[in-house]
There are 2 protein chains.
Amino acid sequence: MATKQRGRPRSFDRDEALEKALHAFWQHGYEATSVADLTRVLGIGAPSLYAAFGDKKALFDAAVEAYATSDNGTFIDRALAEEPTAVAAFTRILREAAVGYTAPDRPRGCMVLSVGVSATTPEVVAKMRELRALNLAVMTARVQADVTAGVLPPGTDPEKLATYAGAVLQGMSAQARDGADRELLQRVAEVAAAGFAAAAEGREVGASGA
Amino acid sequence: MATKQRGRPRSFDRDEALEKALHAFWQHGYEATSVADLTRVLGIGAPSLYAAFGDKKALFDAAVEAYATSDNGTFIDRALAEEPTAVAAFTRILREAAVGYTAPDRPRGCMVLSVGVSATTPEVVAKMRELRALNLAVMTARVQADVTAGVLPPGTDPEKLATYAGAVLQGMSAQARDGADRELLQRVAEVAAAGFAAAAEGREVGASGA
DNA sequence: CCCTTTCTGTAAAGGTCGCTACAGAAAGGA
DNA sequence: TCCTTTCTGTAGCGACCTTTACAGAAAGGG
């Protein structure tokens with residue numbers, strides 16, 4: 001289609017600009033990243049930005065889409081699909097999260113988990129919440145699959161386990177943003193993975209109290 | 001001291017107004033709660049608000065102070081001080097968090113954990129981060145105390161356990177805000193408490209993989 | 001009663017926000 | 001070369017933000 005475009009050529013690369021916008025949103029959140037910030041970071045004027053992406057929300061949506069389809073946004077689905085058991089998958093997810101949330105070349109934490117909970121614009125809140133709910137559903141289904149297949153005992157509670165894993169991931173993302181280093185997060189991931197395995201496999205662990 | 005004040009009396013109760021402001025900040029966050037919102041919720045004009053509390057940030061600080069000294073802000077310290085062991089204390093903390101984060105008469109989640117990570121104004125970010133770091137330090141010290149007292153084995157890693165607990169609490173707060181009901185959060189708390197106890201008491205739980 | 005003190009409502013200043021009208025620049029087509 | 005098409009920079013729009021100036025209202029002191 002239209003290999004030769006007609007008018008004045010664009011002065012910037014759209015994908016590069018999108019990635020810069022993603023990093024800005026990822027670091028500072030939706031509302032706190034102003035269009036003025038974006039034009040500065042992308043090195044283009046506001047009209048160019050609006051012509052290329054629509055408005056600020058559309059640019060954010062495109063950035064989220066880019067995030068969701070990148071390694072950062074797909075490592076959970078990949079682990080759930082590739083590992084032979086739910087326990088193995090979640091162990092891998094927690095370990096990879098510890099590494100991914102503290103990568104030196106990108107903002108800390110998970111965009112959907114950390115930026116997502118900081119947004120206040122209704123449409124953005126809804127979209128991010130939907131993504132989190134989707135992740136929880138996928139994780140729940142993976143546990144349920146192991147129960148159905150007989151890998152995990154019949155009494156297993158998939159919703160509980162998935163929510164537990166989701167909570168730990170959310171906490172790790174927040175801790176990473178607060179400056180926790182990778183090595184500490186990795187130790188936390190091991191505790192969480194062990195706790196997940198114990199709960200999944202129905203091992204009774206007596207907590208004090210009732 | 002001055003029992004008889006001289007000028008025109010204030011038309012509202014300062015503490016009641018402070019609590020309303022706390023709830024507004026707690027629900028919507030610092031930046032998303034505008035002064036116009038506050039004057040509407042408190043039922044007073046902007047000049048009255050500024051005369052009574054200073055500026056928006058000072059009002060937020062006062063609200064955080066009120067939160068931190070309330071039951072919601074002290075249940076962690078109380079559990080750490082009152083329970084005989086660190087494991088018992090953290091079990092209680094996680095259970096109380098599940099209940100407190102889903103109380104029907106106040107905003108969901110923890111203000112310091114959830115609103116704290118959503119703020120972008122530098123002074124507010126710093127203050128909330130400091131409160132989170134303080135909580136982590138207190139929790140770490142409590143575990144260390146049990147190690148020193150011989151209640152927990154010498155190889156115990158207090159920083160790891162405290163960060164794990166902090167991450168779970170942060171995740172539970174976020175899940176509560178996302179709409180997780182109390183009963184689900186309580187199940188999650190049990191998994192986390194069991195995982196904490198297992199890790200604290202040095203029980204080897206074989207996770208798959210390395 | 002009048003003065004001082006303090007609070008109240010109106011109303012606006014000064015700044016930033018997202019967004020866009022407009023004129024000029026840079027390309028291809030004829 | 002001239003036209004059309006598309007992008008770029010300037011400059012500004014209205015809306016909202018936090019904060020305050022100002023005049024009037026409501027209390028006590030003398």
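Since the structure is predicted, the reported quantities are computational estimates derived from the model, not experimental observations. In what follows, chains are A, B, ... by sequence order, proteins preceding strands, each numbered from 1.
Not counting sequence neighbours, B:Glu31 has no partner by the salt bridge (Lys or Arg N to Asp or Glu O under 4.0 Å) test. For B:Glu96, the salt bridge (Lys or Arg N to Asp or Glu O under 4.0 Å) partners at least two apart in sequence or on another chain are B:Arg92.
Judged by the 6.0 Å and 45° rule, A:Arg10 forms a cation-pi pair with A:Phe12.
B:Ser34 and B:Asp37 share a side-chain donor-acceptor pair at under 3.5 Å.
Put simply, A:Tyr50 has no side-chain N or O that comes within less than 4.0 Å of OP1 or OP2 on C:dT20.
Taking 4.0 Å as the cut-off between side-chain N and carboxylate O, B:Arg187 and B:Glu183 count as a salt-bridged pair. A salt bridge is absent between B:Glu190 and A:Lys160: the closest approach of a Lys/Arg side-chain nitrogen to an acidic carboxylate oxygen does not fall below 4.0 angstrom.
Atoms CZ (A:Phe60) and C1' (C:dG18) sit 16 Å apart, rounded to a whole Å. The CZ atom of B:Phe53 sits 16 Å away from the P atom of D:dT18 (whole-angstrom rounding). To the nearest angstrom, P of C:dG18 lies 11 Å from CG of A:Leu59.
Note on residues 36-80 of chain B: pairs passing ring pair (Phe, Tyr, Trp, His ring centres under 6.0 Å), not counting sequence neighbours, are B:Phe25-B:Phe60, B:Trp26-B:Tyr67, B:Tyr30-B:Phe60. The list of ring pair (Phe, Tyr, Trp, His ring centres under 6.0 Å) pairs with a residue in residues 83-116 of chain B, not counting sequence neighbours, reads B:Phe90-B:Phe196.
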### Message
Treating primed atoms plus P, OP1 and OP2 as sugar-phosphate and everything else as base, which nucleotides of nucleotides 6-12 of chain D get B, S or - for protein heavy atoms under 4.0 Å?
### Response
BBSBB--

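A heavy-atom distance below 4.0 Å to DNA chain D is reached by none of the residues of residues 14-36 of chain A.
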